[in-house]
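Order of the sequence lines sets the chain letters (A, B, ...), proteins ahead of strands, with each chain counted from 1. We use all heavy atoms of the structure for the numbers below, so side chains are in, but hydrogens, waters and symmetry mates are not.
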There are 2 protein chains.
Amino acid sequence: MATKPKKQLIYEAAARLFQEKGYSAASMRDLAERVNLKASSLYSHIRKKEEILQKICFDNARRFLQGLAAIEQKTADPLERLEALIHLHIDIALDDPTSITVFNDEWRHLEEPYLGDFVKLRRDYEQRFRQIIQTGMDQGVFRKVDPNTALFTMLTALRWIHYWNPTQIPGNLHTEITSLLLRGMVE
Amino acid sequence: MATKPKKQLIYEAAARLFQEKGYSAASMRDLAERVNLKASSLYSHIRKKEEILQKICFDNARRFLQGLAAIEQKTADPLERLEALIHLHIDIALDDPTSITVFNDEWRHLEEPYLGDFVKLRRDYEQRFRQIIQTGMDQGVFRKVDPNTALFTMLTALRWIHYWNPTQIPGNLHTEITSLLLRGMVE
DNA sequence: GTCTATAACTTGATAGAC
DNA sequence: GTCTATCAAGTTATAGAC
């Protein structure tokens with residue numbers, strides 16, 4: 001049984017701490033206490049606090065972008081693509097809710113040039129997502145609404161799953177959310 | 001022409017500052033600079049930093065709860081109530097996006113007992129929102145999905161409007177979002 | 001009401017012994 | 001790698017002169 005390297009324990013504890021208190025309010029002394037170290041000892045494993053935030057943000061950005069690329073490769077059908085995207089967001093949120101919360105809520109505390117790089121990645125993701133919506137509208141598969149409104153409504157509609165208490169997640173979550181977003185609330 | 005009292009200028013500048021940097025990363029010196037004061041002079045107008053956050057959070061909580069109460073009084077029909085709720089969220093978000101961002105993202109930095117009070121207000125709001133959904137399902141007006149999934153999907157789907165650049169908001173925003181949430185993406 | 005000065009404390013990060 | 005000791009800078013907030 002392989003033990004986790006201390007560096008990884010620090011990253012995981014940091015993600016939980018940033019989730020609970022927010023990046024700015026989380027201190028290195030808080031973090032050290034959670035991994036049974038003194039604050040100064042953390043610096044044998046990491047170079048600085050923001051380095052941890054960088055890893056969380058860019059690892060998750062990569063996950064979303066790789067997932068999107070896989071979907072674009074698999075099918076060209078806008079409806080299939082949209083369904084797969086919804087599933088991608090749900091899967092990532094369920095797989096590592098803590099990390100996703102930090103990625104979603106704390107990225108703006110990145111320092112330059114990382115902040116700029118991160119925003120670029122996000123813009124790229126949104127642009128390709130919007131393109132799928134637009135294509136679906138052009139093909140008459142999706143109802144014609146403002147593409148940005150549709151994009152942000154769906155993107156944010158998928159941004160609460162990581163808050164869910166894992167023990168009470170309904171089994172058919174994928175089906176229900178997909179159904180809500182694709183066919184709406186009304187019977 | 002009535003000039004705004006300095007206290008109000010401070011609250012407005014604080015809301016913008018909290019929105020931009022987050023509550024924890026925003027310092028009283030930052031805030032003072034924005035209203036052309038020294039940090040210590042702020043304390044002639046407010047008692048402490050957190051007092052500003054309290055006002056922002058509870059003023060907005062009150063707005064949502066009063067809006068909900070008005071809707072409950074106006075109609076008993078679940079579909080009409082849901083449509084009105086969607087409009088309420090959009091109206092509030094468009095009316096004061098800065099304040100709403102802070103309300104949404106920074107409330108957890110409230111100190112006790114305000115934090116507990118705030119969470120109670122939010123639970124109450126969610127409970128009454130969920131009840132509307134449940135009644136609609138019982139009456140066969142809404143599709144039967146997990147009520148919590150429907151509740152949080154809609155609540156968060158309405159949580160991006162305050163980020164929108166006011167100059168590019170489409171005129172038929174209410175119609176489009178309502179249509180997306182009630183009837184979904186698919187033609 | 002606004003200022004200067006400062007108290008009292010927390011922050012991220014480093015130096016150097018072990 | 002972990003510790004103690006420490007630093008420089010930043011934090012909220014107060015005291016008291018004007």
Side-chain angles (χ1 to χ4, degrees), chain A residues 2-58 102 105-115 118, chain B residues 2-58 102 105-115 118:
Chain A
T3 320
K4 283 184 189 173
K6 182 148 274 184
K7 182 162 181 165
Q8 193 185 333
L9 291 176
I10 292 172
Y11 274 97
E12 290 172 4
R16 281 194 298 277
L17 187 63
F18 294 168
Q19 174 184 32
E20 287 169 30
K21 305 188 127 193
Y23 177 77
S24 284
S27 82
M28 296 303 275
R29 284 168 178 80
D30 289 340
L31 175 55
E33 210 170 313
R34 297 201 175 193
V35 291
N36 293 310
L37 284 179
K38 298 295 173 183
S40 59
S41 306
L42 292 171
Y43 292 89
S44 297
H45 304 276
I46 57 153
R47 275 184 26 259
K48 49 194 286 233
K49 183 186 179 186
E50 194 234 11
E51 186 184 85
I52 305 176
L53 184 62
Q54 285 170 26
K55 182 164 168 51
I56 295 173
C57 289
F58 285 94
V102 177
D105 299 345
E106 307 297 331
W107 58 268
R108 64 178 158 163
H109 295 107
L110 289 169
E111 294 165 17
E112 296 291 0
Y114 301 99
L115 179 58
F118 182 84
Chain B
T3 321
K4 282 184 190 173
K6 182 146 272 182
K7 182 161 181 168
Q8 194 185 333
L9 291 175
I10 292 172
Y11 274 98
E12 290 171 5
R16 281 194 298 277
L17 188 63
F18 294 169
Q19 175 184 31
E20 287 170 30
K21 305 188 127 191
Y23 176 78
S24 283
S27 82
M28 296 303 274
R29 286 172 178 79
D30 290 340
L31 175 56
E33 211 171 312
R34 296 200 176 193
V35 291
N36 293 310
L37 285 180
K38 298 295 173 182
S40 58
S41 306
L42 292 171
Y43 292 88
S44 297
H45 304 276
I46 57 153
R47 275 184 30 257
K48 49 195 286 233
K49 182 186 179 186
E50 195 235 8
E51 186 183 84
I52 305 177
L53 183 63
Q54 284 170 27
K55 181 162 169 52
I56 295 172
C57 289
F58 285 94
V102 177
D105 300 346
E106 307 298 332
W107 58 267
R108 65 179 159 163
H109 295 107
L110 289 170
E111 294 165 17
E112 296 293 0
Y114 301 99
L115 180 59
F118 182 85

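- When all heavy atoms are compared, the tightest approach of B:S24 to A:S24 is CB-CB, 3.7 Å.
- The distance between atom CD1 of A:I10 and atom C1' of D:dG1, rounded to the nearest whole Å, is 10 Å.
- Looking at A:E50, its side chain does come within 3.5 Å of a backbone N or O of A:E111 through a donor-acceptor pair.
- In this structure, A:L42 places its CG atom 12 Å from C1' of D:dG1, rounding to the nearest Å.
- With hydrogens and angles ignored, the 3.5 Å screen pairs no side-chain donor or acceptor of B:H45 with any backbone N or O of B:Q8.
- Atom CD in A:E33 sits about 13 Å away from atom P in C:dT10, given to the nearest Å.
- As rounded to whole Å, 17 Å separates atom C1' of C:dT14 from atom CG of A:L37.
- For the side-chain hydrogen bond (donor to acceptor under 3.5 Å, both in side chains) with A:E51, the qualifying choice from A:R47, A:Q54, A:K48 is A:R47, the only one to do so.
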### Query
Quick one: what's the B/S/- string for nucleotides 7-18 of chain D, heavy-atom cutoff under 4.0 Å, read 5' to 3'?
----BBBB----
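- What you find for A:K49 and A:A26 is that their closest heavy atoms are NZ-O, 2.8 Å.
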### Message
Using the rule given for side-chain contact (heavy atoms from CB on, under 4.5 Å), can you reason through B:W107 versus B:I56, listing the C-alpha separation, both sets of side-chain angles and the distance that settles it, and then say yes or no?
### Response
CA-CA 9 Å; B:W107 58 267; B:I56 295 172; over 6 Å; no
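- The NZ-C1' distance, from A:K38 to C:dT11, rounds to 17 Å in whole Å.
- Atom NZ of A:K7 is separated from atom P of D:dG1 by 10 Å (rounded to the nearest Å).
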